[in-house]
Amino acid sequence: MRIYDTLEGRVRDFAPLDGKAARMYVCGVTPYAEAHVGHAMQAIVFDVVRRHLEHRGYVVRHVQNFTDIDDKLIDRANQEGAPVADLAERHIAAYFRLLEALNVRPAHHYPRATEQTPQMLEIIGGLVARGAAYAAAGDVYFRVTRAPGYGKLSRRSLEMMFAGARIEANAQKEHPMDFALWKAAKPGEPSWDSPWGPGRPGWHIECSAMALNYLGRTLDIHGGGQDLVFPHHENEIAQSEAFNDGQPLARFWMHNGMMLLGQEKMSKSIGNLVTIADALAAHSADALRHLILSSHYRSPVTYSDDLMAASGRAVARLRQALAVSGGAGAALDPDPHRARFLDAMDDDFSTPQALAALFDLARAVNRAAAEGGDVQAAQEALRTLGGEVIGFAFAEPQAAVDPGLARRIQDLVDRRARLRAERRFAEADAIRDELAAMNVSLTDSPQGAVWQLTQ
RNA sequence: GGCGACGUAGCCAAGUGGUUAAGGCGGGGGUCUGCAAAACCCCUAUUCGGCGGUUCGAAUCCGCCCGUCGCCUCCA
């Protein structure tokens, strides 16, 4: 298996530090607002990474954090007049529900920053003792000039960043690029005791603490969105490696591309976003997963209703192939398709090519079934690769229909069947039109009509 | 301004030196069907932003130009 490593800027053979145990840390969200489809992209991309690793026999330990204390959370909580912890927990609970709806396998641990303060303080203390950090008026800053490789992940130097000239002056800092490990508490803010007085953690330190605490000094995979490369991951590297005497924080750095809306990156601060809830109100989770996986994970994806609808139709095609019945004829051998699929996935998770293999397999299944061939093994392969590895739920659209509506639909379908049997086609077609207006499509077969929702 | 990525059919998107440029959506024609739908078959890029260059050979390498995006500040 080969994986692109942002740090080295190239695809390398993947081998975990410890045999078949793969330790994966993925940066999660700051739960101050509703999750949008960009967050879904990150979750789905790393879900597929995990699923494929597991399919290939790795025992994955997957940890994802929640940054449940930061400026925006505090601001938002003040606006709402609610405690920060309540606001965070509310959004965390909603996020978990969305992950489940998206068919994302849960991580093994979801540590919260506020639960890791002892570990963070231990690291901060260690960094101060080593001279890699310094206290100033209740804050503690990391000393970037003492991190020899600072900038290696994002390929930039301190001098280069100065050229950007948007660095705000902060009299406390020795160097403008020094970043906060610990922030002194302001009145009314949640705070924790520390050797430097009451305060709260800086943004980056939680990930260093959690990674070390749950997975050890060196991760096999550290993931996140491309927008975290700088400064978040750069700073994580600086502080973790300073604390661990230079031992690398991660063997592979993986970054997913950004979700765009129109021509721009979707983001909470600009406000150009589509929430996951809105996307799932109009489209299936499989459609969103297909849209995201139809391009390579390092490329951006543009979200639109039209593209989502097209993705929904594409997944329906795979689902149809799972539903056909073959015969007792020659068995269709799925192995060539499976091999093509796995080769693509092994090559830095090339989901577009893997999906192409699935669509070809689906066509082969449909064709073989029509000729009376035995397609069970092929359908099994399609279900495994599409379901377990890619993560499609292949949920029958009926499943989402409430029982009352389902009964009304079935009544119409039955009435139409009787009319057809009497060859009263005009009346039967009127019922079909009526169903179509309800977004219900019919497929007639010798065994009767099967209906499904078109959305 | 610095760094990085990208520009392939109506749309989305693989492919990164050498047979007919994957796959999906859409469109056209056909088979099946009472008619449809689904499915299947055929067609839908002589060409890969533009111009030069390297090479026996380039969408794939190099240079320049045009256009788009990301990061440099909170961000998945």
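Throughout, protein chains are lettered first and strands after them, A, B, ... in sequence-line order, and every chain is numbered starting at 1.
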Review point. Between A:F179 and A:H204, does the ring centre distance come in under 6.0 Å?
Key: yes
Side chain of [X], base of [N]: donor and acceptor closer than 3.5 Å?
X      : N     : answer
A:R367 : B:C41 : no
A:D227 : B:G70 : no
A:R313 : B:G24 : no

Using whole Å, what does the distance between atom [atom2] of nucleotide [N] and atom [atom1] of [X] come to?
X      : N     : atom1 : atom2 : answer
A:R424 : B:C35 : CZ    : C1'   : 17 Å
A:H255 : B:A5  : NE2   : C1'   : 14 Å
A:D429 : B:C35 : CG    : P     : 11 Å

Within the 4.0 Å heavy-atom criterion, would you say [X] contacts the bases, only the backbone, or no part of the nucleic acid?
X      : answer
A:S267 : base
A:T443 : base
A:R340 : sugar-phosphate
A:A310 : sugar-phosphate
A:R317 : sugar-phosphate
A:D444 : base
A:K268 : sugar-phosphate
A:V29  : sugar-phosphate
A:L307 : sugar-phosphate

Check your understanding: When the nearest nucleotide of RNA chain B is assigned to A:S350 and to A:H290 on a heavy-atom basis, which residue is associated with the more 5' position?
Key -> A:S350
Review point. When you match A:F425 and A:F359 each to their closest nucleotide on RNA chain B, which lands nearer the 5' end?
Key: A:F359
Could you tell me how far [M] sits from [N] if I compare only their [atom1] atoms? Round to whole Å.
N     : M     : atom1 : answer
B:C71 : B:G28 : P     : 41 Å
B:U46 : B:C64 : P     : 30 Å
B:G7  : B:C51 : C1'   : 16 Å
B:A14 : B:A9  : C1'   : 14 Å

Counting only Watson-Crick or G-U wobble pairs whose two distances fall under 3.5 Å, which nucleotide matches [N]?
N     : result
B:G34 : none
B:U47 : none
B:G67 : B:C6

Practice item. Look at the side-chain N and O atoms of A:R363 and state whether any lies under 4.0 Å from the OP1 or OP2 oxygen of B:G24. Key: yes
